[in-house]
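To start, the structure itself, in structure tokens.
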Amino acid sequence: MRERQVLLPGVSTLARLVAQVRDDTTKRLWGVLEGLLTVGQRYVLDQLLEVAPGSRVSDLERWRKGPAPRGSGPTMIKALDQVAEVMGLGTAELGAEALVPPRRLAELARYGMSADASQLRRHPDGRRLATLLATVRFLEAKSVDDTLELLDLLMATELLNKAQTAANKETVRKHPKLARSAARLAVAVEALFDSDGWGGEDEEPRVAEVWEAIEAIVSRAELRAALVVVSDSVPPADAADPDDWRSELVGRYTTVSGFLKLLPRVIEFGANAEGSAILAAMKGLPDVLAYRSRLTAPLIPARTIEHGVVNGPWKRLVFGHPEHEGGAVNRHAYTFCVLEQFYRALKRREIYADASTKWRNPQASLLAGPAWEAVRPDVLTTLGLPEDPDALLAEHAVTLEAAYRHVGGGLAANTEVRVDDAGKIHLTGVKAVEEPPSLVDLRDRTTAMLPRVDLPEVILEVMSWEPAVAEAFTAVSGGRSRLEDLPISIAACLAAHSMNVGYRPIAKQGVPALERSRLSHVFQNYFRPETLAPANLPLVARQARLGLARAWGGGMVAAVDGMRFIVPVPAAFARPNRKFFGSRRGMTWLNAMNDQGIGRGAKVVSGTIRDSLHMVDVIFGLDGGELPEIVVTDTGSYSDVVFGLLELLGISYRPALADLPDQKGWRINADADYGPLNTFARGKIDLRKVRRNWEDMLRVVASIYTGTVRAYDVVTMLQRDGHPTALGEAFAAYGRIFKSLHILAYIDTDETYRRDIKHVRNLQEGRHALARKICHGKKGELYHRYERGLENQLGVLGLVLNCVVLWTTVYLDAAVRQLKAQGYPVRDEDMARLSPFVNRHLGVHGAYSFVLPELAPGAIRDLRDPDAAEDDDEL
């Protein structure tokens, strides 16, 4: 308006005009969505809000909750029934996405997923039906996601894991018997070989003589029994690998037979060339399961199955050993043969479900055609990538050659590095730098100057510094909040969920902002990833402005690491891992922080899956700000493909190297002599793979950079069972250049490089220790059954961690400035080694009251209503 020299109205008038335009736009949106529905569809959508006789909740509430997150056959059937119900409404055919921006549909769906059915019923027809339509469209994808997550849980924990465990126990049990049987057979074979010298030169030994010699040591009955034991225990010579665990798996046929009749018919799957044969067999599996065979169970005629999908390890179980008469096959073994391969292809995205958001085809989401050409120049310019890779690869070759010669030439003088006779590199651990007395005294003084404070006070004080934190929490309905003292309720929810103590210690009856019902309402309607992320932005920005934080780092170095939590209730995201969770199950909170100690983003990961599959997603899902220039991780996040991806995305990847002697270096010049590093540099980088796939590599990188596709899906797509595809091999070949440069810098004479990595890793450990102190309730275990609950609670924990870090940094900065003003000598190098994670001053256990209520003489407290809602519920 200023550019066009329009006289600006008053602020209140302008606000009313903007509000009116927004209202008109929203009503038009509702009208467009309502107009897509037929009379029958309107009736069906309205019925979703009604509670049927004999039920306690409406269909909408039942769909929103989804099936119980248990890995079992009956639960899978319930999940598939729900998919069929949701898909049966036919909303996918209305084409709402072509008429309405995805963001507006997502906003309506978020409100529909959290609002009460009674609240939705009170809305006008347009808003109610538009919200229900958007919600059902969201539920279509969510129901497929939930079903496939349950399949993943069932396969990983109940079938494959238990079958392998049982097989291992059976192997141990059989071992003494197998050893004795093998020894008896060995005696017979030895006697057979000795028989070569019997008789004359042209005479063959008589069979009776051989048997006589054998039976002098072991009887025929014992040999026959030993042969049976060995034949049953050892796979045939032509088997690809042992099938013991597969035999155990076949015994669990009843677990899967029910839902496998529904899975390929309810969910529409697609496949690429590698997965097409498996998908065809999977689609034919219901007919195989329903076939009424006249043969002895579990045998069926061979013509009913797809022979091509029965690979080496399964052949013995499917076809029999020796083969079944008449070409019959084992139905149970064939079922698991198809299911196991289908599951692995689904994990590799060779088979996918386009109706899903997590299990869809990543290749279809990559930039292509006009969309790719439109963003190509800008993305390549931003990332500094050329159209033709030749000049870039030549430059990298020179850099790698120089690094090998520099580091190799300095090994003789490097007392920290030793190359053994096998060419393996051994590096002395980074020795701790002795702390000077000035640093010890400065740390003690500044820590002692920090005021003692409880966590709720920290949250409220930080929110008073940055009002934008509370303003970021908007209602899911999109309207303005009319709640008084909303920031106090927000702070109370942050404290309750970050400390994992529930509302009971926080709620105060008679204080409207702290009533338990108010806190529950605020958390359900105001807390979600879309509000937690913007609430974090002002904290990150304020930390970056503090002088002390700038002494710690420039904020462009990020550390990514996982924090493990036990989940003792059935949850789709919980997986077993005896090392981290003992006999129970848990999940990983993969989080990123910068070198100023502030958290930038996180992701909830099922179980303890390899971090490298999700790390790039965390980096590209940071809460605002610039992407980091350097990423530091532990060894668990390492892979050649990730090296290549991050380097092309303009990020230097620096994982810690805990297994340095086992690392292999890579070279481009096969004839170069690197002296003591020759054996280490035994890998050959094939740059032809990079050149052949350069165009596809650029397209993949641009798709990740623009957010078109998840990095996790790309990393999954680039490898199959740990072996990279052709495109994955190209990324790995490019990444090996920088992996080699990283290792060479790590063992160089100048130890600054590895000290910087160690420093950032220590910072991350300090943040996790502070998180453990704050999240102390319920022994630090999380009791959410669904992914949304885990995301919200851990998002709250990350935000509260940043509040504590910012509060501590502000007061440490003030303490340093006060000491300087008093003439205390503060060295810059000492100030840079102060930690934002000191927490002796921080109280998280609350206070206890020793004041009795006012009661009449001889009176007792009022008893509670046994039918009232329990106020000490799970978070």
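Residue numbers start at 1 and run along the sequence shown. None of these values were measured; they are calculated from a predicted model. Because only heavy atoms are used, hydrogens play no part in the values below, and waters and symmetry mates are left out as well, while side chains stay in.
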Do side-chain atoms of [X] reach the backbone of [Y] as a donor and acceptor pair under 3.5 angstrom?
| X | Y | answer |
| --- | --- | --- |
| Thr382 | Asp378 | yes |
| Glu515 | Gly510 | yes |
| Arg121 | Leu49 | yes |
| Asn500 | Gly777 | yes |
| Ser703 | Leu367 | yes |
| Asn272 | Gly275 | yes |
| Arg22 | Val18 | no |
| Asn361 | Gln363 | yes |
| Arg710 | Gly707 | no |
| Ser520 | Arg516 | no |

Distance from [X] atom [atom1] to [Y] atom [atom2], nearest 0.5 Å?
| X | Y | atom1 | atom2 | value |
| --- | --- | --- | --- | --- |
| Asp59 | Leu45 | CG | CG | 11.5 Å |
| Cys493 | Asn792 | SG | CG | 11.0 Å |
| Leu48 | Tyr43 | CG | OH | 11.0 Å |
| Ile351 | Arg349 | CD1 | CZ | 11.5 Å |
| Phe523 | Leu494 | CZ | CG | 8.5 Å |
| Tyr712 | Met615 | OH | CE | 14.5 Å |

Check whether any side-chain heavy atom of [X] lies under 4.5 Å from a side-chain heavy atom of [Y], and answer yes or no.
| X | Y | result |
| --- | --- | --- |
| Val616 | Val714 | no |
| Ile488 | Val511 | no |
| Ile490 | Ile459 | no |
| Phe573 | Val567 | no |
| Met587 | Leu782 | yes |
| Leu794 | Asn591 | no |
| Leu262 | Met76 | no |
| Leu94 | Leu99 | no |

Taking atom [atom1] of [X] as the centre, report whether more than 12 heavy atoms of other residues, nucleotides or ligands fall under 6.0 Å from it.
| X | atom1 | value |
| --- | --- | --- |
| Lys358 | NZ | yes |
| Glu268 | CD | no |
| Glu373 | CD | yes |

Residue among Ile704, Ile619, Leu627 satisfying side chain to side chain contact (heavy atoms under 4.5 Å, CB included) with Leu649: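 Single pass found, and it is Ile704.
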
Checking side chain to side chain contact (heavy atoms under 4.5 Å, CB included) between Glu140 and each of Asp145, Thr135, Thr357, Thr91, which is the one that passes?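 Result for side chain to side chain contact (heavy atoms under 4.5 Å, CB included) with Glu140: Thr91.
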
Going through the distances and angles, do Arg128 and Asp46 end up as a salt bridge (Lys or Arg N to Asp or Glu O under 4.0 Å)? CA-CA 8 Å; Arg128 184 183 69 255; Asp46 276 335; 2.7 Å; yes

Filter on ring pair (Phe, Tyr, Trp, His ring centres under 6.0 Å), then keep only pairs touching residues 111-135, sequence neighbours left out; what's left?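 Counting only pairs at least two positions apart or across chains, the ring pair (Phe, Tyr, Trp, His ring centres under 6.0 Å) contacts touching residues 111-135 are Tyr111-His123.
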
When you look at Glu34 and Arg42, which way does the salt bridge (Lys or Arg N to Asp or Glu O under 4.0 Å) test go after all the steps? CA-CA 8 Å; Glu34 183 188 11; Arg42 297 182 188 196; 3.6 Å; yes

I'd like a table of donor-acceptor pairs (distance under 3.5 Å, sequence neighbours excluded) in which one partner is a side-chain atom from residues 529-538, with atom names and distances.
from: Thr531; atom 1: OG1; to: Tyr526; atom 2: O; distance (Å): 2.9
from: Thr531; atom 1: OG1; to: Arg528; atom 2: N; distance (Å): 3.2
from: Thr531; atom 1: OG1; to: Arg528; atom 2: O; distance (Å): 2.9
from: Asn536; atom 1: OD1; to: Asn802; atom 2: ND2; distance (Å): 2.5
from: Asn536; atom 1: ND2; to: Gly599; atom 2: O; distance (Å): 3.2
from: Asn536; atom 1: ND2; to: Asp623; atom 2: OD2; distance (Å): 3.0

Going through the distances and angles, do Arg518 and Val522 end up as a side-chain contact (heavy atoms from CB on, under 4.5 Å)? CA-CA 6 Å; Arg518 165 79 169 266; Val522 168; 4.0 Å; yes

Examine the side chains of Thr75 and Arg70 and answer whether a donor and an acceptor come within less than 3.5 Å of each other.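 Note: Thr75 and Arg70 side chains miss the donor-acceptor criterion.
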
Give me the atom names and distance for the closest heavy-atom approach of [X] to [Y].
| X | Y | answer |
| --- | --- | --- |
| Phe138 | Ala109 | CB-CB, 3.7 Å |
| Leu150 | Ala79 | CD1-CB, 3.8 Å |
| Lys65 | Tyr786 | O-CE2, 3.2 Å |
| Arg699 | Ala368 | NH1-CB, 3.9 Å |
| Leu60 | Leu132 | CD2-CD2, 3.9 Å |
| Thr708 | Ser365 | CG2-O, 2.8 Å |

Stepwise side-chain contact (heavy atoms from CB on, under 4.5 Å) check, His614 with Val715: CA-CA 9 Å; His614 298 274; Val715 175; over 6 Å; no

Of all residues at least two apart in sequence or in a different chain, which pass the side chain to side chain donor-acceptor pair (under 3.5 Å) check with Asp146?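 In terms of side chain to side chain donor-acceptor pair (under 3.5 Å), with neighbours along the sequence ignored, Asp146 is linked to Lys142.
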
Between Phe342 and Phe269, is the gap from one ring center to the other below 6.0 Å?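 Aromatic pair counts; centres sit under 6.0 Å.
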
Salt bridge (Lys or Arg N to Asp or Glu O under 4.0 Å) between Glu107 and Arg104, intermediate numbers included: CA-CA 5 Å; Glu107 289 173 355; Arg104 301 303 303 275; 3.3 Å; yes

Go through the steps for Asp24 and Lys27 under the test salt bridge (Lys or Arg N to Asp or Glu O under 4.0 Å), then give the verdict. CA-CA 5 Å; Asp24 292 343; Lys27 290 177 181 177; 5.4 Å; no

Evaluate side-chain contact (heavy atoms from CB on, under 4.5 Å) for Leu80 paired with Phe259, printing each intermediate quantity in order. CA-CA 8 Å; Leu80 288 166; Phe259 74 81; 4.0 Å; yes

In sequence, state the C-alpha distance, the side-chain angles, and the governing distance for Gln41 and Leu133, and then conclude on side-chain contact (heavy atoms from CB on, under 4.5 Å). CA-CA 9 Å; Gln41 287 173 326; Leu133 173 57; over 6 Å; no

